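Here is the structure we will look at, set down as structure tokens.
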Amino acid sequence: MTPSSFNNNSISILVSDDESDELGRKRVRAWRKRKKHGHHRPRNELNQRLIRLFVKYWMLLIFLPAAVLFIFEVTSIGRKPRLVADSEVNEVKKPNLMGKLQLTKLKEPTQRNKSSSNLNRLDPITHVVGGVREPCLKLLPAEDLEHLDIPDDEESTSAIPVKKLGYISDRETSYGGWNSTFSWQRTNGGRFNLFTGNQTFDERERSFKVSETVVLHCGFFSQIGGFEISDSDNSYMQTCKIVVSTCAFGGGDDLYQPIGMSEASLKKVCYVAFWDEITLAAQESQGNKIGEDGLIGKWRIVIVRNLPFVDQRLNGKIPKMLPHRLFPHAKYSIWVDSKSQFRRDPLGVVEALLWRRNSVLAISEHGARSSVYDEAKAVIRKHKATPEEVEVQVTQYHKDGLPEDKRFNGKKALNEASVIVRKHTPLTNMFMCLWFNEVVRFTSRDQLSFPYVLWRLKVLKNINMFPVCTRKDLVNSMGHIRKAKPLTN
């Protein structure tokens, strides 16, 4: 009995323990469940609160981003035209009437990148005037450009201070035979030679006097003075009435084809590029050969032999400043530095910068300085000329009485002459001759002599000194590709 009772008791006790364990487990589960629900209650309440706020203020949440976007767009409107223009640069593959030349392999990577980004751009350059963004150069509409023509001269001869211009030549002066010519002109301490003639200081002073008939030095002094051009090229240049010209001597810059012209301009305008034999060889080595018609693209290539100066910068001043000597029948000329690509319609440019403004000469203001004396310091600082030759020029100008005024006749005195647009008249031709003679006598930095000649020749008042942004609209600037090689003795 006893064992049996013990066993029953054991069983009874065991059953009681199981029930107790089960009850304990239920309590633990209940506690955990309460803890779990208690932990999530605040999160659920937060979510519900956020939902209620969203339902209440959803319109405001949508309006705020829209308002921010609207303000951003409004403030960006002024910048959009330039940005859009820049983004379209790489999409200009073949502009109208453009014959693109291969860029030289001698360019530095940074220069190549700059050139490739600027080449063939036709997007207008703009500036803000009175809070409104406007184009820097306002050309006529394309349909009007097609009907532009060179007008007949209607100016009364009584209003012209200089009616006839003559040039001093070697008919009165002799410098010796051919064999001694180039030896003398390339080793002589001065820069006067058989091309320029030996202008004395007295002749210089008399050359600034204005009268109905003026005779002065203006290059091409002697037939053996250099700058020789073939008969066929001379015959072609005699036919030009309006000309766009450039030059590259010493193998310097590449040839950039003009763009943006009208069909009418193609028929009426001469595009002439002056090269020497060094540039010809450099371009032919790159595969740029002159066609049987004398052209590369739109440019008529004129080869010049026996350049008169060792300094290639001086040689470049001849086509730049003396187009009236090279194109005797031309009524208008546009000069473009070899570092630039001309990108506007020539007749449209003449109309906008000369005819519309009643001007006979248009040239860009200097972008950084106004005073010739400040420019002289910059020329020395940038090693564009020696301190000695700059000092000689500035001293002479100060002695002559050139003031330090920032402006002459209400115009900015200092210029940037990479683009020159002018009408060929006796007075403007006289101005260019005087300017050329100053460059030969002193330094090749023509910015220094331009204000002086403008100050001395006070009768020339209708000059259009256009702003820098207009110059940037006229050309795509590439920068000089490589240094020109000087001539040797």
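Values below: every heavy atom of this structure, side chains too, minus hydrogens, waters and symmetry copies. Here the structure is a predicted model, which is why all the values come from computation and not from measurement.
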How many angstroms lie between [atom1] in [X] and [atom2] in [Y], if you round to the nearest 0.5 Å?
X: N464; Y: S364; atom1: CG; atom2: OG; answer: 10.0 Å
X: L454; Y: M465; atom1: CG; atom2: CE; answer: 7.0 Å
X: I296; Y: N288; atom1: CD1; atom2: CG; answer: 5.5 Å
X: F342; Y: I259; atom1: CZ; atom2: CD1; answer: 10.5 Å
X: K138; Y: T470; atom1: NZ; atom2: OG1; answer: 10.0 Å
X: N118; Y: N120; atom1: CG; atom2: CG; answer: 10.0 Å

Between [X] and [Y] (side chain of the first, backbone of the second, donor and acceptor by atom type, cut-off under 3.5 Å), is there such a pair?
X: T279; Y: G251; value: yes
X: D311; Y: R313; value: yes
X: N315; Y: F309; value: yes
X: N193; Y: F195; value: yes
X: T126; Y: R133; value: no
X: W299; Y: Y256; value: yes
X: R325; Y: G219; value: yes
X: K268; Y: L148; value: yes
X: W275; Y: I301; value: no
X: E146; Y: A264; value: yes

Report task. For K382 and E375, run salt bridge (charged side-chain N to carboxylate O under 4.0 Å, His left out): C-alpha distance rounded to whole Å, both residues' side-chain angles, the deciding distance at 0.1 Å, then the answer. Result -> CA-CA 10 Å; K382 296 179 180 180; E375 179 67 11; over 6 Å; no
Query raised in the report: Would you find more than 12 non-hydrogen atoms of other residues, nucleotides or ligands less than 6.0 Å from D231 atom CG?
Result: no
Taking C-beta and beyond as the side chain, do [X] and [Y] meet within less than 4.5 Å on heavy atoms?
X: V421; Y: V350; answer: yes
X: R356; Y: L140; answer: yes
X: D170; Y: L194; answer: no
X: S477; Y: K472; answer: no
X: E404; Y: D374; answer: no
X: Q312; Y: D276; answer: yes
X: V392; Y: E389; answer: no
X: I160; Y: T425; answer: no

Query raised in the report: How far apart are the C-alpha atoms of D253 and S338, what are their side-chain angles, what is the distance that settles it, and do they pass the side-chain hydrogen bond (donor to acceptor under 3.5 Å, both in side chains) test?
Result: CA-CA 6 Å; D253 294 320; S338 60; 2.6 Å; yes
Query raised in the report: Name the one of V302, I229, V272 that satisfies side chain to side chain contact (heavy atoms under 4.5 Å, CB included) with Y236?
Result: V272
Report task. Carefully, step by step, assess M261 and V269 under the rule side chain to side chain contact (heavy atoms under 4.5 Å, CB included). Result -> CA-CA 10 Å; M261 72 287 289; V269 177; over 6 Å; no
Please determine which of [options] meets the side-chain hydrogen bond (donor to acceptor under 3.5 Å, both in side chains) test together with [X].
X: H324; options: R422, K331, H329; value: R422
X: R204; options: H217, E438, Q199; value: E438
X: E416; options: H366, Q447, R369, R471; value: R471

Query raised in the report: If you take all heavy atoms of C218 and L322, which pair is closest and at what distance?
Result: SG-CD2, 3.6 Å
Report summary line: Heavy atoms of F436 and T196 approach each other most closely as CE2-CG2, 4.3 Å
Please check if any side-chain donor atom of [X] sits under 3.5 Å from a side-chain acceptor atom of [Y], or the reverse.
X: S207; Y: N437; answer: no
X: Q238; Y: N234; answer: no
X: D233; Y: S230; answer: yes

Query raised in the report: Less than 4.0 Å between a side-chain N and a carboxylate O, is that true for D473 and R343?
Result: yes
Query raised in the report: Does E212 come within less than 4.0 Å of K164, counting only side-chain N to carboxylate O?
Result: no
Query raised in the report: Can you check ring pair (Phe, Tyr, Trp, His ring centres under 6.0 Å) on Y397 and F442, steps first, answer last?
Result: CA-CA 11 Å; Y397 287 175; F442 297 110; 5.6 Å; yes
Query raised in the report: In terms of the angle between their ring planes, are F450 and F431 parallel, tilted or perpendicular, with boundaries placed at 30° and 60°?
Result: perpendicular
